[in-house]
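First up is the structure itself, then whatever we jot down about it.
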Amino acid sequence: MVKITFPDGAVREYRPGITAMEIAEGISRGLAKKVLAATVNGQVWDAVRPIYNDSTLKLLTWEEAEGKSTFWHSSAHLMAEAVESQFPGVKFWVGPPVENGFYYDMDLGDRKLSEEDLAAIEKKMNELAKQNNPYVRKEISKAEAIRYFEDKGDEYKLDLLQNLEDGNITFYTQGAFTDLCRGPHIPQTGLIRAIKLTNIAGAYWKGDEKNKQLTRIYGITFPNQKELDEYLHMLEEAKKRDHRKLGKELGIFTFDDDIGPGLPLWMPNGAIIIEELEKLAKDTEEQAGYKRVVTPHIAKENLYLTSGHLPYYQDSMYPPMELDGVKYYLKAMNCPHHHKIFAAEPRSYKDLPYRLAEYGTCYRYEQSGELFGLMRVRCLHMNDAHIYCTREQFYEEFKSVNEMYLKYFKIFGIEKYVMRLSLHDPSKLGKKYVDEPALWKETEALVRDVLVRTNTPFVEVQDEAAFYGPKIDVQIWSTIGREFTLATNQVDFAQGRRFKLEFTTKENTSETPLIIHRAPLGTHERFIGFLLEHYAGNFPVWLAPLQVKILPISDKYMDYAQNVLESLKKADIRAAIDDRPEKIGRKIRDTEMAKVPYMLIVGEKEKQEHQLSVRKHGHGDMGTKAVAAFIEEVIAEIKNRASEQ
RNA sequence: GCCAGUGUAGCUCAGUUGGCCAGAGCAGCUGAUUUGUAAUCAGCUGGUCGGGGGUUCGAAUCCCUCCACUGGCUCCA
């Protein structure tokens, strides 16, 4: 007998060779219908694959993330079967599940896919699903596997096989389609009841743009139509809070063909938000001992040769303009300029940590296909600063930068983010990364140490560091699911030496400082793009371009409305009067849609009693208040930068 | 940059087997209405149908090309 341990700790005995599906059937018929796969000793396992050893078992259904990914992985195989039946001779690369669905990369030769092809494939998938074919697992020798794909003339699968160990190779077959695959898969195709192929894209083989571009089809599937409908509805809802849509509706920013791609024009409402963010940054940085500087938008080529940016970064910079035989570049980063300020005067250890801050304007020639609303642009304003410090000071400095992030995130109510410890890839030393193995090791340990000692949750990722050192990136997601680095905190052990930056130590020797590059509020462009989606356009009062709108019941109360407006303006509250000859219902509706935080309705009653009828955006009628009391409350809300709407 | 798609008024969208002066709603403007918690009524204005070239008696509609945008790939704050 084999002992099976369940997640709740219960242990039961079964005959050897029992399957997860049989165990589920023993528990309940309903459960068995829902089982997609299992984990056996922590390893994902087909529901119909026999178990011969004592094991811990967890049944996976649609409710579990691993259940979903198994379902989508099997869906990718189903799609491949449909594609192969439509386009014989197609060669497949890989077809994994992703966060929302799955894709399969394939080489279709010279054939191009159209939307109609997609519809036809989807139709075929539905037919094949109805056949309810089982996914059959087969262990196979490497030699046999190679022979199979040689016969098929499939160089892609042969490439995959190269890296696999003999004795560890499995094929899965459903219907007429057999694929090299480690599995697991759902029991049969009939479980896939709702199918939507979402788009066709090109994808470079092995993710390298030097390689051939394969055709990638994305899709998503569900165990029933209702869930698919819900998913599509959710996508529609997400589009409504897309910053590109909200930004236009709220008059935050715009683009113009004559200005250029990726070059946003900030409209008056957007400029107010920028002002508020800069006020926050300036207050915070002043208190934290930063000094503000201002630097030019261009610099000579030589600066970037010294910094070392040019070889790593040139493709992302606007091409230079040449004046009197000297090349000038638009700056893509502020650090070299700041280093020159550090170098302008002799520095003592007493000056350190020396912190220079600037909302620097940078220009980056991002590839045309990369531009994305405000989130990825070619002109950006960075909440930049550079901290020059000793090794002994590094821990405290880096830690206080991290604390600054968390303080900001609290103000904005940002909760869904991931701190990513971005490390170098040793195999790319001297190419993508400065060739200083020992310094990499040392600084990576320093950064990890800060995260560990401050109990900050984080993930470690290889090959994401800056060329000059490791960093912590704060990753967020746009409403349509794209991932971005919102903020970054970086160590730089390379540029100090390149610029020959030095300070005099207590012992009267010279030493090169460590440098921290940091941008807790990222760039105005990405940060405001993110905030638009984060708040769905409903900015807290302190950020709202228009904070209060006064709505007179009729023209008769314009005098009183003017009076109230004067009081609000004296209190530095951004306010305006809706002076259109419209009915009050109309004024309320329009102001609600403009997402103005407060509405003040004034008519006969309010005028007589020197009161206001207060309406809060999204909350409705809040009752009446004295003018002075309302002003006092709003000022407090603004001053606290209250995030709660 | 590469793959696929989209481009009609400020916004949302009609209009294609090529054929009456290219339409609607909202927004805007003008006038009337003076209004109590999410749309008052009427009239008017507004489009080189993304740009350029071609096919045709005739092009928003078909072809070529460029541009911009969208979804991916690669790259990044």
Side-chain angles (χ1 to χ4, degrees), chain A residues 98 103 105 108 112-115 117-118 198-218 239 242 244-245 248-249 251 254-258 260-262 313 315-316 332-333 360 362 364-377 380-384 464 466 471 473-476 480-488 490 517-527 529-530 551-558 580-593 599 601-606 613-615 617-618 620-623:
Chain A
V98 289
Y103 67 80
D105 283 350
L108 286 156
K112 306 256 180 216
L113 283 189
S114 68
E115 301 263 290
D117 292 325
L118 216 56
T198 47
N199 67 60
I200 309 168
Y204 300 106
W205 185 45
K206 296 187 179 180
D208 187 335
E209 62 182 329
K210 289 185 200 75
N211 285 342
K212 177 168 184 172
Q213 194 163 52
L214 304 176
T215 302
R216 174 175 296 181
I217 304 178
Y218 280 92
K239 273 189 198 156
D242 189 313
R244 291 166 297 187
K245 185 173 162 66
K248 185 158 199 92
E249 286 169 1
T254 188
F255 289 95
D256 187 285
D257 283 357
D258 287 336
Y313 218 87
D315 288 349
S316 300
M333 63 293 294
C362 300
R364 297 183 177 179
Y365 191 74
E366 304 288 355
Q367 296 188 68
S368 59
E370 275 316 317
L371 301 174
F372 178 69
L374 279 183
M375 301 278 207
R376 191 79 182 270
V377 291
L380 45 100
H381 298 82
M382 208 188 308
N383 171 223
D384 211 356
E464 288 287 349
K471 55 179 179 165
D473 293 321
V474 181
Q475 302 302 109
I476 52 98
I480 61 163
R482 221 183 274 193
E483 182 176 344
F484 287 99
T485 299
L486 187 66
T488 184
Q490 318 181 340
H517 302 233
R518 39 114 283 178
L521 295 177
T523 65
H524 281 322
E525 287 71 17
R526 189 170 288 177
F527 205 79
F530 170 78
L551 314 181
I553 295 289
S554 83
D555 287 2
K556 288 185 215 152
Y557 312 106
M558 279 302 284
R580 299 173 303 166
E582 292 287 351
K583 290 165 84 170
I584 194 66
R586 177 57 182 271
K587 292 181 183 178
I588 289 169
R589 177 183 155 83
D590 290 348
T591 313
E592 284 286 353
M593 297 212 301
M599 275 167 257
I601 293 160
V602 294
E604 188 60 32
K605 204 177 82 192
E606 290 78 10
S613 259
V614 180
R615 221 189 125 95
H617 172 60
D621 195 345
M622 308 293 279

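All figures in this text were calculated on a predicted structure; none of them were measured in a lab.
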Starting from [atom2] on [N], measure out to [atom1] on [X] and report it in whole angstrom.
X       : N      : atom1 : atom2 : answer
I584(A) : U34(B) : CD1   : C1'   : 12 Å
D590(A) : C26(B) : CG    : C1'   : 11 Å
E582(A) : U37(B) : CD    : P     : 16 Å
I200(A) : C73(B) : CD1   : P     : 15 Å
K583(A) : C41(B) : NZ    : C1'   : 10 Å
L371(A) : A68(B) : CG    : P     : 9 Å
Y218(A) : A4(B)  : OH    : C1'   : 12 Å
R526(A) : A77(B) : CZ    : P     : 8 Å

For [X], answer base if it contacts any base atom (sugar-phosphate contacts may also be present), sugar-phosphate if it contacts only those atoms, and nothing otherwise; contact means non-hydrogen atoms under 4.0 Å.
X       : answer
T215(A) : nothing
D621(A) : base
K471(A) : sugar-phosphate
K587(A) : nothing
F372(A) : sugar-phosphate
E464(A) : nothing
G585(A) : sugar-phosphate
E604(A) : base
L486(A) : sugar-phosphate

Taking the side chain as every heavy atom from C-beta outward, state whether [X] and [Y] have any atom pair closer than 4.5 Å.
X       : Y       : value
T591(A) : R615(A) : no
I601(A) : I588(A) : yes
R376(A) : E525(A) : no

- Query: Between H524(A) and H381(A), how do the two ring planes meet: parallel, tilted or perpendicular, split at 30° and 60°?
  - Reply: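 It falls in the tilted class, 30° to 60°.
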Partner of [N] by Watson-Crick or G-U wobble geometry, both contacts under 3.5 Å, or none?
N      : answer
U16(B) : none
A4(B)  : U70(B)
U55(B) : none
A32(B) : U40(B)
A60(B) : none
C76(B) : none
G10(B) : C26(B)

- So does K556(A) pair up with E604(A), basic N to acidic O under 4.0 Å?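 Here K556(A) does not pair with E604(A) in a salt bridge, since their nearest N and O are not under 4.0 Å apart.
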- Task: Step by step, work out the side-chain contact (heavy atoms from CB on, under 4.5 Å) result for R364(A) and Y313(A).
- Result: CA-CA 10 Å; R364(A) 297 183 177 179; Y313(A) 218 87; 3.3 Å; yes
Using the [atom1] atom in both, what is the distance from [N] to [M], to the nearest Å?
N      : M      : atom1 : result
C13(B) : G50(B) : P     : 15 Å
C49(B) : U61(B) : P     : 9 Å
C75(B) : U55(B) : P     : 45 Å
G19(B) : C69(B) : P     : 32 Å
G47(B) : A42(B) : P     : 24 Å
C66(B) : G23(B) : P     : 34 Å
G51(B) : G43(B) : C1'   : 36 Å
G54(B) : G58(B) : P     : 12 Å

Just compare [options] and give me whichever is closest to any side-chain atom of [X].
X       : options                : value
A203(A) : A39(B), U35(B), C73(B) : C73(B)
R615(A) : G71(B), A38(B), U35(B) : A38(B)
R216(A) : G72(B), G36(B), A77(B) : G72(B)
R586(A) : G36(B), A39(B), G72(B) : A39(B)
L380(A) : A77(B), G36(B), A38(B) : A77(B)
Q367(A) : G1(B), G71(B), C76(B)  : G1(B)
N199(A) : G71(B), G36(B), A39(B) : G71(B)
A201(A) : G72(B), C11(B), A77(B) : G72(B)
Q213(A) : U37(B), C2(B), A77(B)  : C2(B)
P581(A) : U33(B), A77(B), C2(B)  : U33(B)

- So, does K587(A) use its side chain to make a donor-acceptor pair with the main chain of P552(A) at under 3.5 Å?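 A pair under 3.5 Å: yes.
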- Task: Establish, from distance only, whether the side-chain atoms of T485(A) and Q475(A) form a donor-acceptor pair under 3.5 Å.
- Result: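 Judged by distance alone, the side chains do pair up.
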Is there a donor and acceptor pair, one atom on the side chain of [X] and one on the base of [N], closer than 3.5 Å?
X       : N      : value
Y365(A) : G1(B)  : no
E366(A) : C76(B) : no
R376(A) : C75(B) : yes

- Could you give me the CA-CA distance, side-chain angles and deciding distance for R518(A) and Q490(A), then say whether side-chain contact (heavy atoms from CB on, under 4.5 Å) is met? CA-CA 6 Å; R518(A) 39 114 283 178; Q490(A) 318 181 340; over 6 Å; no
- Query: NZ of K206(A): more than 12 outside heavy atoms within 6.0 angstrom?
  - Reply: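 Atom NZ in K206(A) is packed in, count exceeds 12.
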[N] phosphate, OP1 or OP2, under 4.0 Å from [X] side-chain N/O:
X       : N      : answer
R244(A) : U70(B) : yes
T485(A) : C76(B) : no
R482(A) : G71(B) : yes

- For I553(A) and for G207(A), find the nucleotide of RNA chain B with the closest heavy atom, then tell me which residue's nucleotide is more 5'.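 Nearest nucleotide further toward 5': that of I553(A).
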- Given RNA chain B, 5'-ward residue of the pair M593(A) and Q490(A), judged by closest heavy atom: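 The answer here is M593(A).
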